[in-house]
Asker: 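Just dropping this structure here.
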Amino acid sequence: MSMRVAVCVSGRGSNLEALVQALPPGSAAAVVLVLSNRADAGALEYARSQGIETTVLNNIADPAAWLELLRTRSIDFVVLAGFLKRIPAEVVRAFPERIINIHPALLPRHGGPGMYGLNVHRAVLADGDSESGATVHVVTEDYDEGPILGRARVPVLAGDTAETLALRVLAIEHRLLPAAVRAAAGIGRAVPFTINSESP
Ligand code: GRF
């Protein structure tokens, strides 16, 4: 019985795609539901192309709507992949150690309210950091505050723009997130993990 995963998205869904591609049939986890706060999220189109159920939550702040959906679909684990809204506290409490988020920086640096998308990479460049990367952490009731489970680093290169850095970070995200979900599938809850340079 594989771990049933719901993925929450707001954007194009490249992390969703990387995760789905990393979990072929028979894997210890399967993405069975994709949720968004936006009907026009490109990620929903990708989910539909893979035959994965999609739902647009109109009242994203309503815990009852979340809980009804997650329970009726027997969701075991929730992944936020480019999800730009706060998870209702009741939902976080209903899924202790079972909601993770991927953030495109080396938390605790460059996290918190307003730190999303290119803003993150602009802040890294503005601070003159020599490296950046991605972080997977447990979701708690505050933005980007939960225990860190795994991180992966990329260099900041001379001449980098926010866009070039974003692409380099996104590529490592696409390896980090599947590793996080695979590690959780083995135990049934979020657990610390690492990716080595050899892992696919
Ligand atoms: C990623 O950079 C992720 O770290 C951040 O939002 C972006 C989502 O991109 N939370 P995508 O929609 O998965 O392509």
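Atoms within each ligand, like the ligands themselves, are counted from 1 in listed order. The figures here come from the full heavy-atom set of this structure, side chains too, leaving out hydrogens, waters and symmetry mates.
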Asker: Looking only at protein heavy atoms, which one is nearest to atom 13 (O) of ligand 1, and how far off is it?
Answerer: N15 N, 2.8 Å
Asker: Kindly say whether G11 contributes a backbone atom to a donor-acceptor pair with the side chain of R38 at under 3.5 angstrom?
Answerer: no
Asker: Side chain or backbone, does G13 bring an N or O within less than 3.5 Å of an N or O on ligand 1?
Answerer: yes
Asker: Sort and list the pairs that fulfil side chain to side chain donor-acceptor pair (under 3.5 Å) and have at least one residue in residues 5-21, not counting sequence neighbours.
Answerer: S10-N37, S14-H174, N15-E173, Q21-Y46
Asker: Donor-acceptor pair, distance only, cut-off 3.5 Å: does the side chain of N101 make one with the backbone of H137?
Answerer: no
Asker: Any idea which protein heavy atom is nearest atom 9 (O) of ligand 1, and the distance to it?
Answerer: R12 NH2, 3.6 Å
Asker: Nearest protein heavy-atom contact for atom 1 (C) of ligand 1: which residue, which atom, what distance?
Answerer: E173 OE1, 3.1 Å
Asker: If we only count N/O pairs under 3.5 Å, is S14 in contact with ligand 1?
Answerer: yes
Asker: Under the side chain to side chain donor-acceptor pair (under 3.5 Å) rule, what pairs show up with a residue in residues 58-71, not counting sequence neighbours?
Answerer: none
Asker: If the contact criterion is a heavy-atom separation under 4.0 Å, does A43 count as touching ligand 1?
Answerer: no
Asker: Got a donor-acceptor contact below 3.5 angstrom from the N119 side chain to the G114 backbone?
Answerer: yes
Asker: So, 4.0 Å and heavy atoms of I102: is ligand 1 close enough to count as a contact?
Answerer: yes
Asker: Rounded to the nearest 0.5 Å, what's the gap from CG on D160 to OG1 on T164? Could you check?
Answerer: 3.5 Å
Asker: Of the protein's non-hydrogen atoms, which lies at the shortest distance from atom 7 (C) of ligand 1, and what is that distance?
Answerer: G82 CA, 4.0 Å
